[in-house]
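Worksheet: one structure, shown below.
All ligand and atom numbering here is 1-based and tracks the order in the structure. Residue numbers count from 1 along this sequence.
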Amino acid sequence: MGILVAIEGLDGAGKQTIVGRIHAAAQERGARTATFTFPRYGESITADLASEALHGAHGDLRNSVYAMALLFALDRAAAGAALKAACREHDLVICDRYVASNAAYSAARLGEQIESSSVVDWVSDLEFGRFRVPVPDHQLLLGVPPEVAMARASGRAASDADRPVDHYERDGDLQSAVYAAYTDLASANWMSDWSHAADDDAVAAVMSLLS
Ligand SMILES: Nc1ncnc2c1ncn2[C@@H]1O[C@H](COP(=O)(O)OP(=O)(O)OP(=O)(O)O)[C@@H](O)[C@H]1O
Ligand SMILES: Cc1cn([C@H]2C[C@H](O)[C@@H](COP(=O)(O)O)O2)c(=O)[nH]c1=O
């Protein structure tokens, strides 16, 4: 049985980039490695609906924190069997965003503190309890602060017409609140052990989990 590792962090922090580096390093070491990216745009109708809402479609859908979180959770629920199979067939399964994204963004949007957050409990009951998606063995918070992540997201939007900034990405106060929520989830080792690192240290933190 392989290990399931979730890479978390802000919009534009560089999660996709670091997942690529971890994947390459693990394969170089001979580890059978698989990756999943959430939301699964183009594969999941609920992921696509969430993205469309973040870009202005579907009326006031995006205003509901619980409705948005439910769409993201349904996307993961539909991937649950594939995730479990991947863990059986690989040494390392890396998720670019996972359940903690729902916890951090939802708590931040509602202004709830992690240690007493109703929505964080709702997310874990729904996703791990009811939908039975696998609990990650390790979670890594990519330690890139809001101002850096937002600059990277804006730079990407300027050079890629298919990646305009969305409703969450253009909200600096939300990005700061999400980073604080993630930091608290990591400090509390929410659901599993966390590390908090960037760049080479982030790659090394995940590689150290492989025996
Ligand atoms: N270490 C880095 N230094 C400078 N730029 C970087 C670094 N890592 C990623 N970038 C750039 O920042 C932008 C965002 O990176 P990436 O797409 O990996 O972020 P992400 O966290 O997956 O974003 P999102 O969650 O919004 O999909 C890209 O243009 C990427 O090339
Ligand atoms: C998976 C997931 C994502 N979100 C948030 C985080 C982002 O701001 C957007 C879209 O994700 P992307 O990585 O920028 O494509 O949605 C969330 O709130 N809950 C989730 O489970």
query = For ligand 2, is there an atom lying under 4.0 Å from some heavy atom of Leu54?
reply =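 Yes; Leu54 lies near enough to ligand 2 that a heavy-atom distance drops under 4.0 Å.
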Can you tell me which residue and heavy atom of the protein come closest to [atom], and the distance to 0.1 Å?
atom                    : result
atom 16 (O) of ligand 2 : Phe72 CZ, 3.2 Å
atom 21 (O) of ligand 2 : Arg76 NH2, 2.8 Å
atom 19 (N) of ligand 2 : Asn102 OD1, 3.0 Å
atom 10 (C) of ligand 2 : Tyr41 OH, 3.3 Å
atom 13 (O) of ligand 2 : Arg97 NE, 2.8 Å
atom 8 (O) of ligand 2  : Asp11 OD1, 2.7 Å

Per-residue contact class, Asp199 against ligand 1 - non-hydrogen pairs under 4.0 Å =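 It is the side chain that touches ligand 1; the backbone stays farther off.
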request  = Using a 4.0 Å heavy-atom cut-off, say whether Glu169 meets ligand 2 through its side chain, its backbone, both or neither.
outcome  =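 Just the side chain.
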salt_bridge(Arg76, Glu127) N-O dist < 4.0 Å =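 Glu127 and Arg76: salt-bridged.
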request  = Answer yes or no: is there an ion pair linking Arg152 with Asp11, defined by an N-O contact shorter than 4.0 Å?
outcome  =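 No, no charged N to carboxylate O under 4.0 Å.
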inquiry  = Side chains of Gln139 and Tyr98 only: does a donor on one sit below 3.5 Å from an acceptor on the other?
reply    =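 Per modelled atom types, Gln139 and Tyr98 side chains form no pair under 3.5 Å.
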message = Regarding atom 21 (O) of ligand 1: of the candidates Glu8, Lys15, Glu169, which has the closest heavy atom?
response =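 Heavy atom nearest to atom 21 (O) of ligand 1 belongs to Lys15.
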inquiry  = Can you tell me if Gly9 contacts ligand 1 (heavy atom of the residue under 4.0 Å from the ligand)?
reply    =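 Judged by the 4.0 Å heavy-atom criterion, Gly9 does not count as contacting ligand 1.
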request  = May I ask whether Val144 has any heavy atom positioned less than 4.0 angstrom from an atom of ligand 1?
outcome  =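 Flag not set, Val144 not near ligand 1.
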ask   = Considering all protein heavy atoms, does one lie under 4.0 Å from atom 31 (O) of ligand 1?
value =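 Looking at atom 31 (O) of ligand 1, one finds that no protein heavy atom lies closer than 4.0 Å.
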